Number of protein chains: 2
Amino acid sequence: MERPRIRDYFQQDLSQNETITPKQRAILQASLDLFAEKGFDQTSTSDIAQRAGVAEGTVYRRYKTKAALRDAILAPITAHIVPILASDFSEDKLRQRYPSLQAFVTAIFTDRVAFAKANVKELKVIFEVAAFDTERREQILSQIAPKMVKQMGSVINQLKADHLIVDWPNDLILQSLLSQLFGYLARLILELPGTEIEREQAYLITVMTKILTPGEHDQITGQ
Amino acid sequence: MERPRIRDYFQQDLSQNETITPKQRAILQASLDLFAEKGFDQTSTSDIAQRAGVAEGTVYRRYKTKAALRDAILAPITAHIVPILASDFSEDKLRQRYPSLQAFVTAIFTDRVAFAKANVKELKVIFEVAAFDTERREQILSQIAPKMVKQMGSVINQLKADHLIVDWPNDLILQSLLSQLFGYLARLILELPGTEIEREQAYLITVMTKILTPGEHDQITGQ
DNA sequence: CATTAAAATGAGTTATCACTCACTTATTTT
DNA sequence: AAAATAAGTGAGTGATAACTCATTTTAATG
């Protein structure tokens with residue numbers, strides 16, 4: 001159940017070249033918390049200073065601008081979200097052959113959901129950027145999407161060869177999987193009321209398995 | 001293919017009590033456009049004035065604050081999104097019995113997707129508010145969710161009685177449907193690259209039909 | 001056409017907030 | 001322990017942006 005947190009990768013990143021003081025760490029933590037709570041624009045640098053228990057000048061010691069501060073938070077997310085979401089993940093989970101579709105779906109999803117849970121704040125910050133900054137959104141996507149399509153694609157092809165999965169184009173398969181995951185994450189991030197996480201998770205796996213099971217309804221309708 | 005637009009309901013709302021001048025209309029339109037493009041905080045009132053072709057003072061004539069301006073845009077959305085998303089919709093589409101699951105899904109989704117397409121800007125503004133304003137999010141949800149659950153629930157029950165749909169709790173059924181819709185809308189709103197709308201829509205219906213078709217995989221797994 | 005009311009204007013005010021800098025405190029080096 | 005370097009401070013600054021108001025323009029009314 002121990003999941004890597006983006007925070008940890010951040011620490012790791014820094015300790016190689018530079019050191020980070022406790023106050024600077026407090027500033028990063030406060031920024032992350034506040035950006036996730038109120039959004040970037042609604043968070044002032046004096047808010048951050050107050051929450052971190054430092055003077056406002058200290059906020060500007062390491063990071064020249066407020067935007068740079070956000071970038072510092074986002075950097076490890078975009079840098080490590082790729083290995084976590086695709087590569088690293090593939091090493092552990094994608095190499096092996098899956099006996100059943102259910103096994104595949106369960107492996108993938110318990111993993112991804114746990115990761116998301118451990119990094120809700122970071123995801124919220126990255127979603128805010130992606131929502132209104134077109135350039136950055138495309139940049140982030142261009143980092144993540146191709147690798148993911150490739151990695152997952154190979155497993156899907158394997159499952160296709162074993163006739164364990166529906167014979168749809170890979171991008172469409174990924175899309176419906178991601179939609180379900182995305183819908184689940186949205187409820188998680190927004191803390192929608194009446195959400196019983198355990199029950200949902202089990203259901204999510206059932207639904208996705210069902211989507212992917214080969215069957216009679218598999219021809220894609222419409223013109 | 002003619003879909004009601006939130007804009008129209010807005011106009012309708014106003015013309016009952018007060019009149020709205022062309023300049024005030026231009027201000028509302030400019031606000032909506034800019035809020036959707038850049039986000040609320042990144043839009044200044046002088047931006048709005050410029051886009052609308054009026055003086056900045058004019059912006060403040062009817063709406064005392066910038067927030068009130070956003071509220072004025074949001075009001076008809078939250079007020080009419082309920083009838084459109086649930087009631088009105090139920091009159092037209094939910095009353096009739098559906099011969100097949102596919103017919104049901106197609107009816108529902110072509111409808112909802114067309115509506116969303118016609119109101120992308122409004123949805124974007126409402127999502128921004130919902131993302132960081134907890135109170136408003138809950139308020140909006142409390143308006144929409146129960147009615148939707150009730151309306152859709154009756155149709156789902158009908159389909160259940162005819163054994164046309166999987167025997168899951170209604171809230172879980174709605175959830176997976178909404179996840180797929182939500183995932184689709186996200187791609188639509190964010191204009192993700194490589195999105196072929198027609199193909200996606202057909203696929204969406206196929207996936208949702210598959211989810212809802214009764215079958216062997218229907219017991220919900222997990223502890 | 002004259003009068004009155006409403007709408008619109010834009011220069012001006014106030015407040016906020018990102019950011020700076022001269023200075024103090026802590027830490028490391030010699 | 002003295003000197004040097006780095007970290008931290010907080011009052012201050014400039015710019016921006018929300019908002020006001022005295023005045024002008026437009027529209028409505030008799």
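The model shown is predicted, which means the values in this text are computed figures rather than measured ones. In what follows, chains are A, B, ... by sequence order, proteins preceding strands, each numbered from 1.
Checked by atom type, the side-chain pair A:Arg187/B:Gln175 shows a donor-acceptor distance below 3.5 Å.
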Quick test: give all pairs of protein nitrogen or oxygen and nucleotides 23-25 of chain D nitrogen or oxygen below 3.5 Å, distance rounded to 0.1 Å.
none

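Listed nucleotides: C:dG10, C:dA8, D:dC19. Nearest to the side chain of B:Thr58: C:dA8. Residue B:Lys23 places its side chain closer to C:dA8 than to any other of C:dA8, D:dA18, D:dT9.
Every residue meeting the side-chain hydrogen bond (donor to acceptor under 3.5 Å, both in side chains) condition with B:Ser46, not counting sequence neighbours, appears here in chain and number order: B:Ser44. Take A:Phe40 and apply the ring-ring contact (aromatic ring centres under 6.0 Å, His included) test, not counting sequence neighbours, and it matches A:Phe35. Partners of A:Ser142 according to the side chain to side chain contact (heavy atoms under 4.5 Å, CB included) rule, which considers only residues two or more places apart in sequence or in another chain, do not exist here. Under the salt bridge (charged side-chain N to carboxylate O under 4.0 Å, His left out) criterion, A:Arg61 pairs with no residue, sequence neighbours left out. Partners of A:Lys150 by salt bridge (charged side-chain N to carboxylate O under 4.0 Å, His left out), not counting sequence neighbours: none found. Residues that satisfy the salt bridge (charged side-chain N to carboxylate O under 4.0 Å, His left out) test with A:Arg70, not counting sequence neighbours, are absent from this structure. Legend: residues meeting side-chain hydrogen bond (donor to acceptor under 3.5 Å, both in side chains) with B:Ser176, ordered by chain and number and at least two apart, are A:Tyr203. When the salt bridge (charged side-chain N to carboxylate O under 4.0 Å, His left out) test is applied to B:Asp41, no partner is found at least two apart in sequence or on another chain.
Residues from residues 35-51 of chain B that place a heavy atom under 4.0 Å from any atom of DNA chain C: there are none.
Using a 4.0 Å heavy-atom cutoff across all strands shown, B:Thr21 reaches sugar-phosphate atoms only and no base atom. Among the atoms of the strands shown, none is found under 4.0 Å from any heavy atom of A:Val59.
C:dA6 atom C1' lies 12 Å from atom CZ of B:Arg62, rounded to whole Å. Atom pair B:Ile27:CD1 and C:dT9:C1' shows a separation of 12 Å (rounding to whole Å applied). Between the OH atom of A:Tyr63 and the P atom of D:dA7 there is a distance of 12 Å, rounded to whole Å. Whole-Å rounding puts the A:Leu69 CG to C:dC19 C1' distance at 13 Å.
Remark: B:Asp71 does not engage B:Lys64 in a salt bridge, criterion side-chain N to carboxylate O under 4.0 Å.
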Can you give one letter per nucleotide of nucleotides 20-28 of chain C, going 5' to 3': B for a protein heavy atom under 4.0 Å from the base, S for sugar-phosphate only, - for none? B--------

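Within the structure, every pair that satisfies the ring-ring contact (aromatic ring centres under 6.0 Å, His included) test and touches residues 126-149 of chain B, not counting sequence neighbours, is listed here: B:Phe127-B:Phe182.
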